[in-house]
Amino acid sequence: VETMEAEAASAATGLYIAYASIITMALIPIFIGAWQSLTESGKETLSSQDAYGVPLIGSAVLFGLYLLFKIFSKEHINLLLSIYFLAIGATAIKATFYPLVAAQFKDEKKSIQLPYTDIKLGNSDVAAYALAGAFATFHFFTKNWITNNIIGLSFSIRGIAMLSLNSYKVGCILLCGLFFYDIFWVFGTEVMVSVATSFDAPIKLLFPKNIFAEVYQFSMLGLGDIVIPGLFVALLLRYDINKKESSRPTSSKPATPKRPRRNRSLDITSFVSWSRTPYFITTFIGYFLGLATTIFVMHVFKAAQPALLYLVPACIASSMGLAVFRGEVADLLNYSEESSSSDAKDGATSDAKDGATSETKQE
């Protein structure tokens, strides 16, 4: 009896550790990716048309994978997908860990030029690619859950940093569309659960339900439940930064209005505060509470849950609730990075004209 009680206590402790680890692993890439989105160049911007289409495209891909796993051998499908994710996983790891690697090569002067190309790689590039290749190759042959998570976290960070929602309304459209997408495919069919358990690729985070057990069974969280809300949280961070920059006092001499400075180096530790980033902090906490609720309901009912069922209301309600409290609903709903970009272009054009006029007068 004592042995059984000890095993039960160990299993319960292991399960709570798994839940805490899943939540922590979900929060880390959202925080890092959101801040990287401030300085990332060459981002892909999602428009309202893209947001409307994502649930449809996602449904087609999901059901297509479901049919493939039903018709063909899981081993063959997973082999092909593993090769594909080996390549893009290495790229994601390289991009994620490159700043850490580059810091070890501060004084590098030599570079290697790839044959038949104009591409030059420094020592830091070679080291980062070697590290990424080693991780990806090791995972390909071992399917280790730790390397799976490293690749998955890298995917999540890069996804949040490289993709951008161009307005708050677009973010709400995307979240609401995927809210119904998740509910339908999880509660209405077996498709989502079947694909998630059959798909042997780093598209989900894993953690043993009992880290003390000899044979592991895993708790899991799909990367979509991190990246999609993460894009929304990153949008709110950029809204905070733009709002703070716009409210700075200006000098008395006339000047052309300029776009709030977003792409600049920031000291995160001094910048994350309620006075500077209230919407980011509130929505980040909202995501945490939504994910904790998901895990709680899953634990109580012993059944898979569509995480976006809880994450979407938590993220939208937290951000909109703060806007209502601060009397900034219209400002939040009208926020658009597209218009900011247009203002920046207009400002640059005006500056150029003023400069040309000044030079003419001097002549």
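The analysis underlying the following values was restricted to heavy atoms, covering all of them including side chains, and did not include hydrogens, waters or symmetry mates.
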query: Mind checking whether L309 and M298 sit in one hydrophobic cluster, side chains of I, L, V, M, F, W, Y counted as touching below 4.5 Å?
result: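 Linked, L309 and M298 end up in one cluster.
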query: Would you say L206 and F212 are hydrophobically clustered, going by side-chain heavy atoms of ILVMFWY under 4.5 Å?
result: yes
Is there side-chain contact between [X] and [Y], with at least one heavy-atom pair below 4.5 Å?
X	Y	value
F155	I226	no
P229	L308	yes
L27	Y287	yes
P306	Y181	no
F207	M220	no
S21	T24	no
C172	L333	no
R276	I241	no

task: Fit a plane to each ring of Y19 and H299, take the angle between them on a 0 to 90° scale, and name the class: parallel (under 30°), tilted (30 to 60°) or perpendicular (over 60°).
output: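 Because their plane-to-plane angle is over 60°, the rings of Y19 and H299 count as perpendicular.
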task: If the plane angle is over 60° it's perpendicular, under 30° parallel, otherwise tilted; pick one for Y66 and F63.
output: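 Parallel, since the angle between the ring planes stays under 30°.
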Give the minimum heavy-atom separation between [X] and [Y], together with the two atoms involved.
X	Y	answer
V193	A304	CG2-CB, 4.1 Å
L221	A26	CD2-CB, 3.8 Å
W35	F31	CD1-O, 3.1 Å
N144	T147	O-OG1, 2.9 Å

- request: Would you please indicate yes or no on a ring centroid separation below 6.0 angstrom for F280 and Y239?
  value: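 No, the ring centres sit 6.0 Å or more apart.
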message: Quick one, K94 with S154, criterion side chain to side chain donor-acceptor pair (under 3.5 Å). Give me CA distance, side-chain angles, the key distance, then yes/no.
response: CA-CA 9 Å; K94 185 266 179 184; S154 298; over 6 Å; no
- request: Using a strict 4.0 Å threshold on nitrogen-to-oxygen distance, state whether K243 and D331 make a salt bridge.
  value: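 Salt bridge: yes.
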Carboxylate-amine/guanidinium proximity below 4.0 Å for K204 and D225: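 Salt bridge between K204 and D225, a charged N being under 4.0 Å from a carboxylate O: no.
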Main chain of [Y], side chain of [X]: is a donor-acceptor contact present, judged purely on distance under 3.5 Å?
X	Y	answer
T137	A134	no
T91	A87	yes
D125	G122	yes
T283	G286	no
S164	N166	no
S198	V195	no
D240	L237	no
N78	D200	yes

- request: Tell me yes or no: between the side chains of S47 and Q49, is some donor less than 3.5 Å from an acceptor?
  value: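 Note: S47 and Q49 side chains miss the donor-acceptor criterion.
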query: Looking only at side chains, do Y335 and E337 share a donor and an acceptor under 3.5 Å apart?
result: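 Looking only at side-chain atoms, E337 and Y335 do form a donor-acceptor pair, the distance falling under 3.5 Å.
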CA sep, side-chain torsions, deciding dist, call: S37, R238, side chain to side chain contact (heavy atoms under 4.5 Å, CB included): CA-CA 8 Å; S37 74; R238 296 194 298 274; 3.1 Å; yes
message: Is there a side chain to side chain contact (heavy atoms under 4.5 Å, CB included) between L174 and V54? Walk through the geometry before answering.
response: CA-CA 7 Å; L174 179 66; V54 166; 3.8 Å; yes
query: Taking it one step at a time, do V186 and Q305 satisfy side chain to side chain contact (heavy atoms under 4.5 Å, CB included)?
result: CA-CA 7 Å; V186 173; Q305 296 294 313; over 6 Å; no
- prompt: Does CZ in F288 sit with more than 12 non-hydrogen atoms of other residues, nucleotides or ligands closer than 6.0 Å?
  reply: no
Test side-chain contact (heavy atoms from CB on, under 4.5 Å) applied to L165 and I228, L235, D50, the passing residue: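 Of the listed options, the one satisfying the test is L235.
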Residues I281, F284; criterion side chain to side chain contact (heavy atoms under 4.5 Å, CB included); working and verdict: CA-CA 5 Å; I281 293 173; F284 190 76; 5.7 Å; no
